[in-house]
There are 2 protein chains.
Amino acid sequence: MLNPSKNAHSLDPRQGGRELVFSTIRARERVARIDIAQETKISAATVTSITAELIAEGLVEETPRDPSAGELKRGRPRVDLKVRGASHIVAGLKFSNNKVTVAILDFVGNPIGEYERRMPTSQFDIEGLASFTKDVLETATQSCGLQISDLSGVGVGLAGIIDAPKGFVHWSPQLKNRNVDLRSLLTKTLDLPVFIDNDANLVAMAEQWFGYGRNISDFIVVTIEHGVGMGIVIDGKIYRGTRGCGAEFGHTKVQLDGALCRCGQRGCLEAYLADYALLREANIANTLDEEETSEEKLVALFREAKAGDETAKLIFQQAGSMFAMGLANIVNIFDPALIILSGERMQFEYLYEDEVIEQMRQLVVQVDMPAPEVRIHTWGDLMWARGAAAYAMEGVTKIALKRISGHAT
Amino acid sequence: MLNPSKNAHSLDPRQGGRELVFSTIRARERVARIDIAQETKISAATVTSITAELIAEGLVEETPRDPSAGELKRGRPRVDLKVRGASHIVAGLKFSNNKVTVAILDFVGNPIGEYERRMPTSQFDIEGLASFTKDVLETATQSCGLQISDLSGVGVGLAGIIDAPKGFVHWSPQLKNRNVDLRSLLTKTLDLPVFIDNDANLVAMAEQWFGYGRNISDFIVVTIEHGVGMGIVIDGKIYRGTRGCGAEFGHTKVQLDGALCRCGQRGCLEAYLADYALLREANIANTLDEEETSEEKLVALFREAKAGDETAKLIFQQAGSMFAMGLANIVNIFDPALIILSGERMQFEYLYEDEVIEQMRQLVVQVDMPAPEVRIHTWGDLMWARGAAAYAMEGVTKIALKRISGHAT
DNA sequence: TCATTTATTTCATATGTCTAATTAAATGAG
DNA sequence: CTCATTTAATTAGACATATGAAATAAATGA
């Protein structure tokens, strides 16, 4: 059985019942007070007083109850509560190779706008990034009748090594500078709370909020794009390691002295799975037309494989085997309830074929219990941006709830 | 820098300041109230009232302050507090292949007795295990002038797949039965609180309490005995996975279609590192005398390698390379602050040679920050038993502190 | 209309924590 | 020896949070 956790969305319950109650309402979408009490083990009396505060603050509202079937019709009817979407609006930005994607969400998590723009350069200096961000955000908000100042927070996703709690970028392929306190800069530029994280973690957060990870306390997200990334959720929280550079799934070694990786080492998983790795193999095999872009080449290669070309097929099969091995190692170490394979290139089905999953299961330590579930998600940059927005939402929620403690009832 | 955590020993601080204060006293061994206040950010007033309770309960006592040098001599002198060792006594049992080891500790964690007995059988049925445990524990306690009823709790370490929170054994090589609620049985037999865990986790706990893991919040312990095990500490807590079968480091794959493992799969790390794997190689190479026990053979093989025999040397080198690769993968995924290599067979230095550690570092994702520290510990079954006792101590501590909340001041 | 049922609220109370003020125990200057 | 000074620990009063028990609210069905 999966392992549902009360406090999904990583709100820290130790700060008291308010977080717990609020996150329960958010997780359940609509829920009556008495159900909150039951689920959180907080007394009904306390639930009443906490929800009263939340309603007074405008964070939560009552809503007529869904006439759900199969329910006892006697006694005073329950009144459902839900998060009031209008109370806060957040934006999330995902910077990828050649474009930036913006998602604007209300406080429930419903999308209220999106926007995309090509990147003017592949590498910014920080001032450039800040002013570009502001400009993009201005356009994005205007496109749905808002201003930047209507937002309560902004989440930003970058590739690279990032100390998320501090909002500090050790290194990012998209930045000229190293070791930058990007959060401080953006907070000043935008005059808003800003939250920054590694983009792989943001996919994990998107899954946690909007995808298959809802109400699952331990799961892992693997993404294959230009590189191979991983996000780890343990006990409802993103696990980040001690130096902020954990979860480098793409650079786990699957072969001693194996294929050369762009990181300079040998035998990395990425060196067998990433686009450049597949193309390298194909080039050696001379199956490709020299005129195409790498994107096109990859599509062509895939088509050949599907059409039955043995060489092309072998290339994907080899990649699939390595992938199965890498995944199995994750399972053997983490024993997660769920593995989510997510990314745009998910169309290269060979990697996600049942066959690969089956290979993976073969390589997992055999116990009485069933192997973890594997689910596949074809998500593009927009979902990553929503993950960034969700990250901002967590931060904004914390701030909003903390404010209540201040001016208590 | 390492990452010291306030709440080592995995006491859950969300249950309030009492746990935090107590675990601080335990972690610091002896500490004045004002230092507790500073470290925990709890006000001095609260520290006073909490410590007063703890003293009244007999869990803590005042002790004249160490005349530590370099300290201001003005003002009212601090009074140190320490855990009162006599308040509770716990025992830990580690069942290994052919013997059981018992450690008896006071509430501070100081050893007050130990005992060892050969196992009458390599596989018990549960009733047999229960009565054997009781018998062993009786002798062990008597040997230091105690009785079983003087204990406040017992920790038990077994190999196998164990749901520690529930005290449920899914499978253990030492038990004939599968899926046994061992805790209930032992609790009834011994009339004491009993805590059961996988033995690899217990080494991790021993390191956390008595070894290199003190005050480190994220670290990993790798043990090489007959098999290869791993214990993971994240955020001060043992990570157990969702099915209780995580951390199967020995069965992570380091080679696709590689060497055959006793688990039936191919390419497991264990199939390159464990005694049987080394001996298998040696047998093929015919370097060994057929008359010896496997223990003796291994020692002989090691001696040959040290003496310069190329074949023997190669065997250890290959094992070392695989080990380095496995370790590097752990680092790439977890990014722990510290890796502890622990076990009795640590004498096979080839595996723990600087060279292997250096190989590992080469395989780790390169970032600005230094690679995690690696430390080596040569520990025998006694330390594992102490880990089991420490686990019991955590449980007993929780019970004792909860009791205070009941009959409040 | 009213007894019954179930959900929610009110109220008195308990707990845990904090700040500010007070007391305790030392040192060192006169 | 006395007393101002310094630092540690305690006490008192205030406040926030949570709870159980009792009261109230809103429905159903006899």
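Note on naming: letters A, B, ... go to the chains in the order of the sequence lines (proteins, then strands), and numbering restarts at 1 for each one. Keep in mind it's a predicted model, so treat the numbers as computed, not measured.
Side-chain proximity of Arg18(A) to dA9(D), dT17(D), dT19(C): nearest is dT17(D). Out of dT10(C), dC18(C), dA9(D), the shortest distance to the side chain of Val79(B) is found at dA9(D). Here dT10(C) is the nucleotide among dA9(D), dC18(C), dT10(C) with the atom lying nearest to any side-chain atom of Ala45(A). Of the listed nucleotides (dT9(C), dT10(D), dA18(D)), dA18(D) has the atom at the smallest distance from the side chain of Ile50(A). If you check dA7(C), dT17(C), dT19(D) against the side chain of Thr46(B), the one that comes closest is dT17(C). Ranking dA9(D), dA7(C), dT19(C) by closeness to the Ile34(A) side chain, first place goes to dA7(C).
One interatomic measurement links the two molecules: CD of Glu19(B) to C1' of dT17(C), which rounds to 15 Å at whole-angstrom precision. Atom pair Gln38(A):CD and dT8(C):C1' shows a separation of 14 Å (rounding to whole Å applied). As rounded to whole Å, 18 Å separates atom C1' of dG20(D) from atom NZ of Lys41(A). Distance CD (Glu53(A)) to P (dC15(D)): 16 Å, rounded to an integer number of Å. For the pair Leu54(B) CG and dG16(C) P, the computed distance is 12 Å after rounding to whole Å. If you take CG of Leu401(A) and P of dT17(D), they are 12 Å apart, rounded to a whole angstrom. The distance between atom CZ of Arg65(B) and atom C1' of dA9(D), rounded to the nearest whole Å, is 14 Å. When rounded to the nearest whole Å, the span between CZ of Arg33(B) and P of dC18(C) equals 16 Å.
With a 6.0 Å radius and a threshold of 12 heavy atoms from other residues, nucleotides or ligands, Asp191(A) has its CG atom at or below the threshold. Residue Asn110(A) places its CG atom among more than 12 non-hydrogen atoms of other residues, nucleotides or ligands, all under 6.0 Å distant.
Between Arg33(A) and Glu62(A), at least one side-chain nitrogen of the basic residue sits less than 4.0 Å from a carboxylate oxygen of the acidic one, meeting the salt-bridge criterion. A salt bridge does not link Arg28(A) to Asp35(A): none of the charged side-chain nitrogens sits closer than 4.0 Å to a carboxylate oxygen. Taking 4.0 Å as the cut-off between side-chain N and carboxylate O, Glu53(A) and Arg18(A) count as a salt-bridged pair.
Counting any heavy atom pair closer than 4.0 Å across all strands shown, Val47(A) reaches no nucleic acid atom.
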Under a 4.0 Å heavy-atom criterion, the protein footprint on nucleotides 25-30 of chain C, written with B, S and -, is BBB---

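Of the possible donor and acceptor atoms, one in the side chain of Asp80(B) sits under 3.5 Å from a partner among the backbone N and O of Ala32(B).
Each of Ala44(B) and Glu62(A) lies near DNA chain C, and the nucleotide nearest Glu62(A) is the one positioned closer to the 5' end.
Nucleotide dA24(C) is matched to dT7(D) when pairs are restricted to Watson-Crick or G-U wobble geometry with both distances under 3.5 angstrom.
Residues meeting the ring-ring contact (aromatic ring centres under 6.0 Å, His included) test with Phe107(B), sequence neighbours left out: Phe22(B), His88(B).
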